[in-house]
Amino acid sequence: MLTNAQIAATLEQVADLLEFQGANAFRVRAYRNAARVIRNLTHEVARLVAEAPHTLAEIDGIGTAVAEKCVTLVQTGRLPQLEALLDEIPESVLTLLRIPGVGPRKAAVLYRELGVATLDQLRAACEAQQVRALKGFGAKTEQAILDGLPVAEAAGQRVYWAEAEPLVAQLRDHLQACAAVDQLEFAGSYRRGKETVGDLDALVVSTAPHEVMEHLASSRLVAETLARGDTKMSVRLATGLQVDLRVVPPASFGAALQYFTGSKEHNVALRSRAKQRGLKINEYGVYRTVEGAEQYVAGATEEDVYGCLGLPVFPPELREARQEFHWADAGQLPELVVERDVRGDLHMHTTATDGVDSLPDMVAAAQRRGWEYVAITDHSQRVTMARGLDPHRLLAQWREIDALQAQAPAGFRILKGIEVDILEKGGLDLPDDVLAQADWVVASIHYGQRQPRAQITARIVQALANPHVSAIAHPTGRLLLRRDPYDVDVTAMLQAAKEYGKCLELNANPMRLDLDDVDCAAARELGVPIVICTDAHSVEGLDVMRYGVLQARRAGLTAADVANTRSWSQLRQLLGRAE
DNA sequence: GCCGTTTTCGGCCCGACTGTTTTCAGTCG
């Protein structure tokens, strides 16, 4: 069964190839738009195809044509249109698009005129000086392509949000030391809190743009300047990350911040709305045309810009053209969860298994953070690499917890927990009579991750059915930028969690952030509580809670949607158990 | 290819920068 992500990727590929062919740009956009809509859906297209195929075209952004293609794709696993396109254009030409400055038009000329279909062939063509002879190309373009080849080869290089964070802090310090900088904000996907970041967008208010640009270029972090104009500059950091700087006047700061925060799709939707109301929005402000002349209406703050359209300032995390405009229209913009709402952490490790800090140290660190409770959840015996706990060692740890609890300040609770493995053949790694004595049980998969969908889904659903299990940890097993999720049927998992009254984890580790934002939104819709947990293996590991909260915000979660914003006794009640 | 409180046809967000151009196309965000 095809997942929404797979269907979306197929439509994206069709869009790429159509664009390469020089197809109508709006047709290409329609495919990309449909891909985005499907990727963000909180229910599965494959299920709709099976149960109510005629409702597909009712989804905003999906018309009869794409709906039909989805049906074909889901039912046959193939898309004839895509196969026809791939007959005409080798898939490898799409790698040419990764070169900065090479888009579909130039790539098409390279392929058509020189037969270039791979990066290696392109390098050879450039070195033979064949590229500069092409119409629309020249010596500079040829050199730019040669310079850009390493970028393309290392392509798609995004960094974890958590990696971008210290770079932003350093750049912020550096830029704020410049006297010409009046206001500064980092926009883009960083401000939206996306789990990975492809570049950084710095926005500055200044009356002396060139001074600001000189100052940025002087940073130790900057390796090279890629482009520089009067208001805009691009540099590449030594780490490889690109930084785009825009300098704007004060009256435009809000409009520019709104614009450069994006997402692109959110902006397209916003500008369409503006247009419907006779307004125009660009990065300088909101304008109304009066008797042929453009009049500035607003732009100094984001409040002003959104306010012109009767809209609230959307939290940046929601600006993905998903539900935010519908929520705003209905006056139901969720009040997103914040880190101080979180009252405890329910997944962490100690030196008993693969943690590096002791049980007392982890507990003390949690207390210092102001949390009211923690669950100690070391690995179970199956995870031999981590010296997982057998019943004997686990019970010994729980006695240690009892002793610690006796000395703990009033109101602080140390929960006896375990991260119990879901075994390859199904079933849990510890007997029920042991699990029954735990306060909190997270079940997770570490082995048999490559099993087929039905098998791995059945394992998880079975774990959720176990009365002693409280939550599933890192429910899809993905590692950002490194490993795809395993082939679990997320909808079935959510429904099982709903049926058995269990929680699903949003693992806050910045390399996991699992469940992802779309699946967390689906959990919210279904009323399945999310627990945001650090999965800390050290005292410092507890710091990642904020990344999990950021991801929850992207999903539109409120404090009420997150179970560990409750007190422990309230959380127990939520799970239907008496204290 | 999608969509409809001007529309079932004719629109579809908008501007900066670069390089190759004699006035603009392509790319990018």
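It should be emphasised that the depicted structure is a prediction, and the values quoted were computed from it without experimental measurement. Below, chains carry the letters A, B, ... as their sequence lines are ordered, and counting in each starts from 1.
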**Q** So what does A:Tyr31 hit on the nucleic acid, given a heavy-atom distance under 4.0 Å: a base, only sugar-phosphate, or nothing?
**A** sugar-phosphate
**Q** Which is more 5' along DNA chain B, the nucleotide nearest A:Gly103 or the one nearest A:Arg271? Just name the residue.
**A** A:Arg271
**Q** How long is the straight-line distance from CZ of A:Arg158 back to CD of A:Glu195, given to the nearest 0.5 Å?
**A** 8.5 Å
**Q** NA contact type, A:Phe260, heavy-atom cut-off 4.0 Å: base, sugar-phosphate, or nothing?
**A** nothing
**Q** Is the charged tip of A:Arg524 near the ring of A:Trp327: under 6.0 Å from the six-membered ring centre and within 45° of its axis?
**A** yes
**Q** Using a strict 4.0 Å threshold on nitrogen-to-oxygen distance, state whether A:Asp517 and A:Arg553 make a salt bridge.
**A** no
**Q** If the P atom of B:dC3 is compared with that of B:dC13, how far apart are they to the nearest Å?
**A** 14 Å
**Q** Considering only the P atoms, how many Å lie between B:dG1 and B:dA16, rounded to the nearest integer?
**A** 33 Å
**Q** If you look at every strand shown and take non-hydrogen atoms under 4.0 Å, does A:Thr231 touch a base, only sugar-phosphate, or nothing?
**A** sugar-phosphate
**Q** Just to be sure I understand the rule, does A:Lys135 reach a base, reach only the sugar-phosphate, or reach nothing, if contact means heavy atoms closer than 4.0 Å?
**A** nothing
**Q** Say we look at B:dC17 and B:dC12: how far apart would their C1' atoms be, to the nearest angstrom?
**A** 24 Å
**Q** Say we look at B:dT22 and B:dG15: how far apart would their P atoms be, to the nearest angstrom?
**A** 25 Å
**Q** Quantified in whole Å, what is the C1' atom distance between nucleotide B:dG10 and nucleotide B:dT18?
**A** 33 Å
**Q** Name the nucleic acid region contacted by A:Asn33, choosing base, sugar-phosphate or nothing; use a 4.0 angstrom heavy-atom cut-off, strictly under.
**A** nothing
**Q** Counting the atoms with a prime plus P, OP1 and OP2 as sugar-phosphate, which does A:Lys264 contact under 4.0 Å by heavy atoms, base, sugar-phosphate, or nothing?
**A** base
**Q** I want to confirm an ordering. Mapping A:Asn267 and A:Gln276 to their closest nucleotides on DNA chain B, which one lands closer to the 5' end?
**A** A:Gln276
**Q** Quantified in whole Å, what is the C1' atom distance between nucleotide B:dT7 and nucleotide B:dC2?
**A** 14 Å
**Q** State whether the side chain of A:Asp514 and the backbone N or O of A:Asn507 hold a donor-acceptor pair below 3.5 Å, judged by distance alone.
**A** no
**Q** Regarding A:Gly262, tell me which of base, sugar-phosphate or nothing describes its non-hydrogen contacts under 4.0 Å with the strands shown.
**A** nothing
**Q** Can A:Glu294 and A:Arg288 be counted as an ion pair, charged N to O under 4.0 angstrom?
**A** no
**Q** Under 4.0 Å between any heavy atoms, over every strand shown, what does A:Arg246 touch: base, sugar-phosphate, or nothing? Just pick one.
**A** sugar-phosphate
**Q** What does A:Leu279 touch in the nucleic acid at a heavy-atom separation under 4.0 angstrom: a base, only the sugar-phosphate, or nothing?
**A** nothing
**Q** Answer with yes or no after comparing the ring centroid distance for A:Phe314 and A:Phe325 against a 6.0 Å cut-off, counting only values under it.
**A** yes
**Q** Check step by step if side-chain hydrogen bond (donor to acceptor under 3.5 Å, both in side chains) holds for A:Gln129 and A:Glu142.
**A** CA-CA 8 Å; A:Gln129 304 201 339; A:Glu142 190 176 80; 4.7 Å; no
**Q** For B:dT8, give the paired nucleotide (Watson-Crick: N1-N3 plus N6-O4 or O6-N4; G-U: N1-O2 and O6-N3; both under 3.5 Å), or none.
**A** none
**Q** With a non-hydrogen cut-off below 4.0 angstrom, is A:Val102 in contact with a base, only sugar-phosphate, or nothing?
**A** sugar-phosphate
**Q** Between B:dT21 and B:dG29, how many Å separate the two P atoms, rounded to a whole number?
**A** 24 Å
**Q** Is it true that A:Glu302 and A:Arg191 make a salt bridge, defined as a side-chain N closer than 4.0 Å to a carboxylate O?
**A** yes
**Q** Rounded to whole angstrom, note down the C1' distance from B:dC9 over to B:dC14.
**A** 24 Å
**Q** Which part of the nucleic acid, if any, lies within contact of A:Ala139, taking any heavy atom under 4.0 Å across all strands shown: a base, the sugar-phosphate backbone alone, or nothing?
**A** sugar-phosphate
**Q** How would you give the extent of chain A contacts on DNA chain B, as first and last nucleotide 5' to 3' within a 4.0 Å heavy-atom cut-off?
**A** B:dG1 to B:dG29
